[in-house]
Structure formats: structure tokens, C-alpha cells
Number of protein chains: 2
Amino acid sequence: MRNAPDTKRNSKAPTQVLSATLSLFTQKGYFNTSVHDIARESGVSIGSIYHHFKDKEGVASALYNNLIDRMEAELSQIMNTHSSAHDRCRAVIEMLFSITEKEPEVMEFMLYAKHSEFLPNEVPVCSSKPFELMREMVKQGMTTGEIRVMDVMVASTCLFGGSIRMITSRLDGLLPKPLSSYLDDIWTCSWRAVTAK
Amino acid sequence: MRNAPDTKRNSKAPTQVLSATLSLFTQKGYFNTSVHDIARESGVSIGSIYHHFKDKEGVASALYNNLIDRMEAELSQIMNTHSSAHDRCRAVIEMLFSITEKEPEVMEFMLYAKHSEFLPNEVPVCSSKPFELMREMVKQGMTTGEIRVMDVMVASTCLFGGSIRMITSRLDGLLPKPLSSYLDDIWTCSWRAVTAK
DNA sequence: GTCTATACGACGATAGAC
DNA sequence: GTCTATCGTCGTATAGAC
């Protein structure tokens with residue numbers, strides 16, 4: 001029913017590799033992780049890894065794009081289930097905080113890794129679709145009058161910048177309590193920063 | 001009149017090395033820069049580099065601590081020449097913006113590099129003296145009633161987080177105009193976020 | 001203090017059997 | 001599709017002359 005009749009079923013190697021890679025990259029960084037490490041951690045041999053991915057950078061690239069796609073899906077979901085900029089932006093921060101607590105590695109790799117050093121050909125996170133969607137929310141908030149009219153970049157940065165830095169602080173172990181316990185305070189500050197009244 | 005009578009005068013090699021290193025690390029990153037690169041760029045031989053520094057990490061470490069010290073000096077200066085939290089914090093942002101425009105490499109290395117990956121033994125930036133001073137300013141602002149009473153970490157992050165992300169955006173080339181042209185808007189947002197009324 | 005030449009290890013990537 | 005064994009390169013660090 002599928003494509004090739006005789007070849008083996010699609011293996012689960014790639015997902016195992018990506019999962020192990022996320023752990024290793026967030027713990028030790030891209031350059032401190034060897035392909036041997038990935039093979040050991042994932043239980044997949046080097047040969048297989050190179051069969052499924054072009055090279056080490058290809059592994060990182062696949063991982064990166066996977067996570068960007070996932071983020072974009074989450075943001076679209078929020079875009080669709082909320083109508084005001086206020087509700088949308090708050091939901092975004094809540095979502096980011098939640099992922100940070102449940103899957104710190106995902107956030108670590110998305111927001112904290114210096115992709116440009118090992119993925120020179122990928123579009124930087126801040127120019128990626130998810131970040132564009134966040135700016136779009138802010139923009140719409142200006143047209144509805146919820147948010148003061150100003151440079152969209154400035155407004156977006158002020159509205160989300162605090163939360164993003166709270167996330168990195170949490171990942172650095174500087175915050176004793178889970179992010180959810182700071183959410184109300186952060187949101188009060190962030191919204192006051194850009195709202196009209 | 002100095003210490004050793006016969007040995008050559010203290011060479012300027014170390015400063016040349018650190019200067020070249022800053023350029024290379026910010027352009028290509030720590031791991032993409034070899035000691036050979038540093039030798040070539042600085043005009044100092046490998047042997048000399050290893051004479052002055054323990055190893056490659058030692059070069060990075062010296063650079064890092066130099067810049068931290070410099071930042072601390074700038075912040076102390078601001079602490080002494082301004083009295084209110086309002087004036088101090090605004091001056092800090094102005095200073096950070098100014099350095100970003102005049103010496104982008106300094107900010108790039110301070111705020112954007114993932115030090116933990118190549119300087120595992122150094123204290124992270126966010127726990128360094130300069131960042132502590134910034135939190136101290138915020139703390140004092142709460143006692144004087146300028147800033148709403150809340151978790152100091154939350155307030156500091158909200159007050160400075162937007163500006164710090166503007167800096168990284170600027171370094172990423174996402175902002176067409178120099179940071180100074182956004183300063184007033186950013187400050188309005190940031191201060192509204194934490195101020196009492 | 002400065003240099004050149006070299007030793008040595010690690011890692012990315014491939015070959016080729018199963 | 002998966003594996004093991006191996007190759008070649010590059011980069012850190014040292015030795016030792018000046």
C-alpha cells in the first residue's frame with residue numbers, strides 16, 4: 001500500500017537520533033557533542049546516522065526545523081482560538097512558560113542555542129515564522145487600539161522580551177520557582193508596557 | 001625602577017591577542033576559531049600565545065573577565081552619578097545601547113555568546129557583578145517607592161529585558177536604525193512596566 | 001619573550017560487509 | 001537499512017632554538 005514494495009519499513013532511527021541529539025546539544029552544546037556521542041546515546045550506529053542525515057549539521061538542521069514547525073503549530077493554534085491581542089499574547093507567554101517547565105530542552109535549544117555558529121544556512125530564530133506570528137499579533141493589536149501605535153519591533157520586544165528573559169533565567173537555574181508562579185506579575189508588567197491606557 | 005632588571009619590557013602581545021580574539025569569537029564563534037586563527041589575526045605566534053595564556057580557554061577567560069570588569073566600572077560610575085532608580089536605569093540602557101553601536105563586538109560577546117559551552121568554570125553573565133548591580137538599582141527603586149514592590153528578579157527582567165532583546169535584535173541586523181533612535185520609546189514602555197502609577 | 005616545527009589525539013566522514 | 005572498521009584532517013598543545 002506504501003511506496004517501495006520490498007524495502008524494510010521506515011525505521012524509527014531518525015526520531016531516536018533527533019531525541020538523543022536534543023539532549024546532548026542542550027547539555028553540552030553542538031561542538032562538544034561528537035557524532036560518536038549521538039550514536040551511543042541514541043543506540044543507533046554511526047553508519048545509520050550518516051545514512052539518514054547528510055552530516056552532523058544535517059542532524060542539527062533537522063532538529064531545528066522540527067522544533068520551529070512545532071512552535072509554529074502552537075502559535076497558529078493560539079491565533080485561532082483567541083481573538084484579542086491581549087488574550088493571544090498572554091496565551092503565547094503561558095504556552096512558552098509551560099513548554100519550558102515540561103520540556104526545558106526544547107526551549108533551551110530554541111531560545112538559547114547560538115544557531116548561527118553551527119547552522120549558518122538556516123534562518124535565525126527571530127526571523128522565523130513563529131516569531132513573525134508573534135509580531136503579527138502585536139501589529140493587529142495596534143489596529144484594534146489595544147496596543148499603542150509604535151514601531152512593531154519595539155512593541156513586540158517590550159511585550160515579549162521580559163518573558164523570554166525570564167525563560168532563559170529559569171533555564172540557567174536562577175529562578176527557584178516554576179515560571180507559572182511568576183506569570184501574573186510578568187504579564188501585568190508586560191501588558192502595562194505597551195497598552196494604551 | 002620596575003621589577004626584573006634584565007628581562008624585556010612587558011610586551012603588548014596579550015592585548016593584541018585579546019583584541020584579535022574578540023573579533024574572531026564574535027565573527028565565527030569560539031569553536032570555529034582555532035589558535036592558529038588567533039595567531040594570524042593578532043600577529044603573535046602560537047608559542048607566544050601559549051606563553052601568555054594557559055590554553056585556548058584561558059584566552060577566552062581573560063577576555064571574558066576583562067569585559068565583565070569594564071561593564072562593572074561603567075555601572076558603578078552610573079550608580080554614583082545618578083540618585084534615583086529612574087535615572088540610573090535609564091542611564092544603564094543608554095550606556096548599553098551606546099556600546100552596542102560603537103563596539104558591537106563587546107556586546108555580542110557579553111550578551112550573545114553561550115559562555116557556558118566554552119567557559120564552564122566562569123560564573124554566568126546573569127550572575128555576574130554588573131547584572132547584580134542592575135538588580136540592586138531596581139531593589140532600591142522599590143524602597144523609594146519609584147518601582148512597584150514585587151519579586152526583584154521579575155522587575156529587573158521586565159525593566160531591562162526589552163532593551164536587552166533590542167540589543168540582540170540590532171546585533172542580528174534586524175533593526176535598520178541605530179538603537180539610540182528607539183531609546184525613548186523603549187524607555188517609555190520599560191518604565192511603565194514597573195513603575196507605580 | 002618570541003618564534004618554528006612537530007607530536008598527538010579526536011572527530012567527521014566513508015567503505016563495504018551483512 | 002544497519003552495522004564495524006578505518007581513513008584523513010584539523011586543531012590543541014609542547015619542545016626547544018633564538
Side-chain angles (χ1 to χ4, degrees), chain A residues 1-25 27-64 113 115 117-122, chain B residues 1-21 23-25 27-64 115 117-122:
Chain A
M1 231 30 142
R2 285 304 187 91
N3 40 13
D6 55 282
T7 62
K8 197 69 185 306
R9 275 290 133 261
N10 284 342
S11 74
K12 54 185 167 42
T15 62
Q16 287 175 322
V17 169
L18 291 182
S19 164
T21 300
L22 178 58
S23 290
L24 290 166
F25 283 3
Q27 280 166 37
K28 320 201 296 174
Y30 177 87
F31 294 101
N32 292 317
T33 301
S34 71
V35 182
H36 277 100
D37 291 335
I38 298 176
R40 195 179 327 111
E41 181 88 4
S42 65
V44 174
S45 69
I46 289 210
S48 272
I49 294 176
Y50 277 95
H51 176 79
H52 290 285
F53 303 92
K54 181 174 173 291
D55 52 17
K56 186 184 174 185
E57 186 181 326
V59 178
S61 174
L63 178 59
Y64 181 70
H115 309 110
E117 285 182 10
F118 56 93
L119 289 174
N121 301 320
E122 299 290 332
Chain B
M1 229 34 140
R2 284 304 187 90
N3 40 13
D6 55 283
T7 63
K8 197 71 186 305
R9 277 288 134 264
N10 283 343
S11 75
K12 54 188 168 40
T15 62
Q16 288 175 323
V17 168
L18 291 182
S19 165
T21 301
S23 289
L24 290 166
F25 283 4
Q27 281 167 35
K28 321 201 297 174
Y30 177 87
F31 294 101
N32 293 318
T33 301
S34 72
V35 181
H36 277 102
D37 291 335
I38 298 176
R40 193 177 332 108
E41 181 88 6
S42 65
V44 174
S45 71
I46 288 212
S48 272
I49 295 176
Y50 278 95
H51 175 79
H52 289 286
F53 303 92
K54 181 174 172 290
D55 52 17
K56 186 183 174 185
E57 185 181 326
V59 178
S61 175
L63 179 60
Y64 180 71
H115 308 110
E117 284 182 11
F118 56 93
L119 289 175
N121 300 320
E122 300 289 332

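Within every chain, numbering begins at 1; the chains are lettered A, B, ... in the order of the sequence lines, protein sequences first and strands thereafter.
Looking only at side-chain heavy atoms (C-beta outward), A/Ser11 and A/Gln16 stay at 4.5 Å or farther from each other.
A/Tyr50 and A/Asp55 get closest at one heavy-atom pair: CE2-CA, 3.8 Å. The two residues A/Ala60 and A/Tyr30 make their nearest non-hydrogen contact at CB-CE1, 3.8 Å.
In this entry the distance linking CD1 of A/Ile49 with P of C/dC11 reads 14 Å, nearest Å. One interatomic measurement links the two molecules: CZ of B/Phe53 to P of C/dT2, which rounds to 11 Å at whole-angstrom precision. The nearest whole Å value for the distance from the CZ atom in B/Phe31 to the C1' atom in C/dC11 is 14 Å. One can place CG of B/Asn32 at 15 Å from C1' of D/dT12, the figure rounded to the nearest angstrom. In this structure, the CZ atom of A/Arg40 is 13 Å from the P atom of D/dT4, given to the nearest Å.
Rounded to 10 degrees, the angle separating the terminal helix axes of the helix from C/dG1-D/dC18 to C/dC18-D/dG1, each built from five base pairs, is 0°.
Cation-pi check for A/Lys56 over A/Phe118 is not met; the charged atom does not lie both under 6.0 angstrom from the ring centroid and within 45 degrees of its normal.
In this structure, the side chain to side chain contact (heavy atoms under 4.5 Å, CB included) partners of A/Ser48, at least two apart in sequence or on a different chain, are A/Val44, A/Ser45.
Remark: B/Ser48 is in phosphate contact with C/dC3, judged by side-chain N or O atoms under 4.0 Å from OP1 or OP2.
Within 4.0 Å of A/Ser34, counting heavy atoms only, lie sugar-phosphate atoms of the nucleic acid but no base atom.
When A/Leu63, A/Ile38, A/Leu22, A/Val35 are each tested for a side-chain contact (heavy atoms from CB on, under 4.5 Å) with A/Val17, only one passes: A/Ile38.
Between A/Glu117 atom CD and B/Phe25 atom CZ the span is 10.0 Å, to the nearest 0.5 Å.
Heavy-atom distances to DNA chain D give each of B/Tyr30 and A/His51 a nearest nucleotide, and the one nearer the 5′ end belongs to A/His51.
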> What's the verdict on side chain to side chain contact (heavy atoms under 4.5 Å, CB included) for A/Ser61 and A/Lys54, showing C-alpha distance, side-chain angles and the deciding distance?
Replying inline: CA-CA 10 Å; A/Ser61 174; A/Lys54 181 174 173 291; over 6 Å; no
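One N or O on the side chain of B/Asn32 and one on the backbone of B/Lys28 form a donor-acceptor pair closer than 3.5 Å.
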Are any protein N/O atoms closer than 3.5 Å to N/O atoms in nucleotides 13-15 of chain D? If there are, list each pair with its distance.
{"residue": "D/dA13", "atom": "OP2", "partner": "B/Tyr50", "partner atom": "OH", "Å": "3.0"}
{"residue": "D/dA13", "atom": "OP2", "partner": "B/Lys56", "partner atom": "N", "Å": "3.1"}

